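For reference, the structure is listed below as structure tokens.
Model, not experiment: these values are computed from the prediction. Computed from heavy atoms alone, side chains included, the values below leave out hydrogens, waters and symmetry copies.
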Amino acid sequence: MSTEEHIGHYAIAPRRVSFDWDSTPLHWIPNEPTATHVINVLHLLLPAGERWFVKVFKEALPLVDDPVLLKDVKGFMGQEATHSVQHAYVLDHLAAQRLDTAGFTKHVEFFFEKLLGDQPPLGAPIPAREWLRFRLSIIAAVEQFTAVLGDWVLHADGLDEAGADEVMLDLLRWHGAEEVEHRAVAFDMYQHCGGKGPVRYARRIEGMAVTAPVLLWLWAWGTAYLIRHDPQLAGRLRYSLREHNRAVDRGLLPSWRDLGAAIPRYFRRSYHPSQEGSLRKAVDYLATSPAARVAAGAVGRAALS
């Protein structure tokens with residue numbers, strides 16, 4: 001699914017989408033609570049995580065002296081802020097269905113606001129510029145995975161075949177398409193602000209070496225939390241690799257191989273995220289996404305008024 005495409009320089013801009021969650025069931029993939037909650041971890045991590053992306057990029061904006069990159073970064077920030085808000089609304093929907101996520105999201109907030117906040121944790125003597133560069137390397141590494149996940153969900157016919165909720169699929173595919181749209185921005189931002197020579201490359205590797213295991217841990221923890229607190233399951237199910245892998249085999253979750261292969265690609269010195277996914281597929285979906293089309297119509301009507 002990974003192809004490098006050349007569509008010229010692609011303008012990145014936020015879409016002011018909205019979604020109606022009134023009819024979305026708790027298990028939005030019918031009879032698949034494990035697959036549902038593995039994907040639901042996105043809603044646990046992204047409201048705080050993408051707010052943090054925007055905050056770090058805002059801190060780094062004065063370092064950007066390339067006008068093209070600056071425009072891309074501002075578009076990225078707008079998209080990420082919108083993602084954060086829309087996934088937070090899903091948390092409200094889960095709470096309305098008696099699945100309270102606050103016991104988990106408080107730890108996510110602590111992770112981004114304290115451990116990866118403006119100052120190094122525990123008073124670590126890291127210069128401010130180096131701390132900023134490290135956090136930019138973390139964002140670039142996370143965006144490697146979001147591009148892979150975004151491309152996966154755009155091609156995940158298994159979700160349609162399983163009867164997944166159409167509104168949730170549109171949220172995931174709108175978000176995934178925008179991740180493919182801006183797949184290179186965080187990497188380019190790190191390369192621009194991360195210094196020169198071998199140290200910049202070493203810090204890029206360090207960022208991925210930290211990010212990959214932490215993401216895996218958060219995802220397993222988050223899935224176990226959601227399944228344990230799911231009121232419809234009432235403690236009858238626990239998160240297991242067996243159920244996870246069964247969902248992978250049905251095309252309901254990305255394969256471990258696809259996720260793992262993203263890491264050595266990222267480690268190549270010559271790597272660039274423009275190699276990830278299909279920009280054409282992303283653009284085509286955004287042209288048909290119900291939420292994106294409504295947002296585009298609203299912008300058009302505002303321009304005419």
Spatial distance of atom [atom1] ([X]) from atom [atom2] ([Y]) [nearest 0.5 Å]:
| X | Y | atom1 | atom2 | value |
| --- | --- | --- | --- | --- |
| Leu46 | Arg51 | CG | CZ | 10.5 Å |
| Lys106 | Glu113 | NZ | CD | 14.0 Å |
| Leu70 | Leu63 | CG | CG | 11.0 Å |
| Gln86 | Leu91 | CD | CG | 12.0 Å |
| Leu45 | Ser84 | CG | OG | 11.5 Å |
| Ser137 | Gln191 | OG | CD | 10.5 Å |

Taking atom types as modelled, is there a side-chain donor on [X] or [Y] under 3.5 Å from an acceptor on the other?
| X | Y | result |
| --- | --- | --- |
| His83 | Glu80 | yes |
| His182 | Glu143 | yes |
| Arg15 | Thr82 | no |
| Thr146 | Glu179 | yes |
| His43 | His93 | no |
| Trp21 | Asp92 | no |
| His192 | Asp66 | no |

If I compare all heavy atoms of [X] with all of [Y], which pair ends up nearest, and what's the gap?
| X | Y | result |
| --- | --- | --- |
| Leu136 | Ala60 | CD1-CB, 4.1 Å |
| Arg183 | Ser278 | NH1-N, 4.2 Å |
| Ala177 | Leu154 | CA-CD1, 4.0 Å |
| His244 | Thr34 | N-CG2, 4.0 Å |
| Gly75 | Pro14 | O-CD, 4.2 Å |
| Asp170 | Ser289 | OD1-OG, 2.7 Å |

Is the side chain of [X] donor-acceptor paired with the backbone N or O of [Y] at a distance under 3.5 Å, no angle test?
| X | Y | result |
| --- | --- | --- |
| Arg238 | Arg228 | no |
| Arg203 | Gly194 | yes |
| Glu181 | Leu279 | no |
| Glu276 | Ala262 | no |
| Thr36 | Ile29 | yes |
| Tyr225 | Val41 | no |
| Thr223 | Trp219 | yes |
| Arg250 | Gly158 | no |
| Trp131 | Gly117 | yes |
| Thr211 | Met208 | no |

Checking side-chain contact (heavy atoms from CB on, under 4.5 Å) for the pair Arg98/Leu26: CA distance, chi angles, key distance, verdict?
CA-CA 9 Å; Arg98 298 188 299 114; Leu26 182 58; over 6 Å; no

With a 4.5 Å limit on heavy-atom distance, are the side chains of [X] and [Y] in contact?
| X | Y | answer |
| --- | --- | --- |
| Thr105 | Pro47 | no |
| His27 | Pro25 | no |
| Leu42 | Leu172 | yes |
| Tyr190 | Ile139 | no |
| Leu44 | Leu226 | yes |
| Cys193 | Val64 | yes |
| Ile39 | Leu253 | yes |
| Trp256 | Asn245 | yes |

Does [atom1] in [X] sit with more than 12 non-hydrogen atoms of other residues, nucleotides or ligands closer than 6.0 Å?
| X | atom1 | value |
| --- | --- | --- |
| Arg268 | CZ | yes |
| Tyr201 | OH | yes |
| Gln232 | CD | yes |

Does [X] share a hydrophobic cluster with [Y], counting links as ILVMFWY side-chain heavy atoms below 4.5 Å and allowing steps through other members?
| X | Y | answer |
| --- | --- | --- |
| Leu241 | Val38 | yes |
| Val199 | Phe187 | no |
| Phe111 | Trp217 | yes |

Indicate the ring-plane relationship of [X] and [Y], choosing parallel, tilted or perpendicular according to the 30° and 60° boundaries.
| X | Y | answer |
| --- | --- | --- |
| Trp52 | Phe112 | tilted |
| Trp221 | Phe104 | perpendicular |
| Phe76 | Phe57 | parallel |

Would Arg204 count as a cation-pi partner of Tyr266, with NZ or CZ less than 6.0 Å from the six-membered ring centre and within 45° of the ring normal?
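Relative to the ring axis of Tyr266, which defines the angle, Arg204 lies inside both limits.
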
State whether Glu130 and Arg133 are salt-bridged, where the test is any N-O pair (Lys NZ or Arg NE/NH1/NH2 against Asp/Glu carboxylate O) under 4.0 Å.
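Yes, this pair counts.
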
Any Lys/Arg nitrogen of Arg246 or Glu243 sitting under 4.0 Å from an Asp/Glu carboxylate oxygen of the other?
yes

Residue of the set Ile138, Leu215, Ile205 for which side chain to side chain contact (heavy atoms under 4.5 Å, CB included) holds with Val210:
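Of all the options given, the one that passes is Ile138.
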
Should Ile263 and Phe145 be marked as a side-chain contact (heavy atoms from CB on, under 4.5 Å) after you check the CA-CA gap, both sets of side-chain angles, and the distance that decides it?
CA-CA 9 Å; Ile263 299 172; Phe145 289 113; 3.7 Å; yes

Lys71 vs Lys74, side-chain contact (heavy atoms from CB on, under 4.5 Å): CA-CA, chis, key distance, verdict
CA-CA 5 Å; Lys71 185 175 181 180; Lys74 290 180 177 180; 6.0 Å; no

side-chain contact (heavy atoms from CB on, under 4.5 Å) assessment of Val167 paired with Trp28
CA-CA 9 Å; Val167 177; Trp28 54 267; over 6 Å; no

